[in-house]
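These notes concern the structure reproduced below.
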Amino acid sequence: QVQLVESGGGLVQAGGSLRLSCVASGQIVRINDMAWYRQAPGKQRELVATVNNGGATKYGDSVKGRFTISRDISKNRVDLQMNSLKPEDTAVYYCNAPTVTYRRGQLNLPHTESDFWGQGTQVTVSS
């Protein structure tokens with residue numbers, strides 16, 4: 001199976017920085033896009049940033065110019081550098097892989113599944 005594990009959350013003052021990391025484990029053949037989402041209390045989950053396996057990135061309007069998503073394909077890893085943090089950035093941040101191809105079964109054949117999520121990491125920004 002495939003697991004996504006996030007790390008790097010914590011408590012930071014407004015204006016500070018944090019770096020989140022997410023590593024995918026399993027007999028992975030290919031991951032296309034990887035993304036970060038966040039969900040604040042009482043709000044819907046929202047897209048923060050995405051990066052495809054060509055390195056192209058997209059950002060949510062609220063984080064443009066402050067956050068940077070990057071990826072190491074060889075390590076199945078995606079990072080999110082968060083600068084100039086604001087109290088409204090406080091949320092649980094989730095790593096997402098929309099489509100993953102991995103090997104499974106006795107014959108170790110490639111299999112593609114959709115929508116893998118990490119367990120989430122809390123980011124709290126104090127004012």
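Values in this document were obtained by computation on a predicted structure and should not be read as measured data.
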Is there a donor in the side chain of T112 and an acceptor in the side chain of T101, or the other way round, less than 3.5 Å apart? yes

Note, D79 side chain near R19 side chain (heavy atom, < 4.5 Å): yes

CA sep, side-chain torsions, deciding dist, call: N76, M34, side chain to side chain contact (heavy atoms under 4.5 Å, CB included): CA-CA 9 Å; N76 295 317; M34 295 192 80; 5.9 Å; no

Within the 4.5 Å heavy-atom criterion, are T90 and Q122 side-chain neighbours or not? yes

Rounded to the nearest 0.5 Å, how far does CD of Q1 lie from NE2 of H111? 8.0 Å

Using a strict threshold of under 4.0 Å (side-chain N to carboxylate O), is an ion pair present between D61 and K64? yes

Which heavy atom of V29 sits nearest a heavy atom of R103, and at what distance? CG2-CG, 3.7 Å

Atom CZ of R45: over 12 foreign heavy atoms under 6.0 Å: yes

Is there a side-chain contact between D33 and K58, using heavy atoms and a 4.5 Å cut-off? no

If you measure from CD on E46 to OH on Y37, what distance do you get to the nearest 0.5 Å? 10.5 Å

Membership question, hydrophobic clusters at under 4.5 Å side-chain separation (ILVMFWY): are V92 and L47 in the same one? yes

Roughly how far, to the nearest 0.5 Å, is NZ of K86 from OG of S127? 14.0 Å

Should the heavy atoms of other residues, nucleotides or ligands under 6.0 Å from CD of Q3 be counted, would the total exceed 12? no

Test of understanding: clusters of I, L, V, M, F, W, Y form through side-chain heavy atoms closer than 4.5 Å, transitively. Do Y94 and I69 belong to the same one? no

Side chains of T68 and Y59: closer than 4.5 Å at any heavy-atom pair? yes

Which pair of heavy atoms, one from A91 and one from A40, lies closest together, and at what distance? CB-N, 3.8 Å

In Å, rounded to the nearest 0.5 Å, how long is the span from CZ of R38 to OH of Y93? 4.0 Å

Would you kindly say whether Q81 and N83 are connected by a side-chain donor-acceptor distance under 3.5 Å? yes

Is there side-chain contact between L85 and F67, with heavy atoms separated by less than 4.5 Å? yes

Do C95 and W36 have side chains that approach each other closer than 4.5 Å (heavy atoms only, starting at C-beta)? yes

Distance alone, cut at 3.5 Å: any donor-acceptor contact between the side chains of N96 and D115? yes

Rounded distance (nearest 0.5 Å) linking atom CG of N32 with atom OG1 of T50: 12.0 Å

What I'd like to find out is whether the side chain of D89 reaches to under 4.5 Å of the side chain of M82, using heavy atoms alone. no

Between E6 and G120, is there a donor-acceptor pair closer than 3.5 Å when you use the side chain of the first and the backbone of the second? yes

CD1 of I31 to CG of L4: how many Å apart, nearest 0.5 Å? 7.0 Å

I want to check something: taking the side chain as every heavy atom from C-beta on, are K75 and V23 in contact at a cut-off of under 4.5 Å? no

For D72, does its backbone N or O pair with a side-chain atom of R77 as donor and acceptor, under 3.5 Å? no

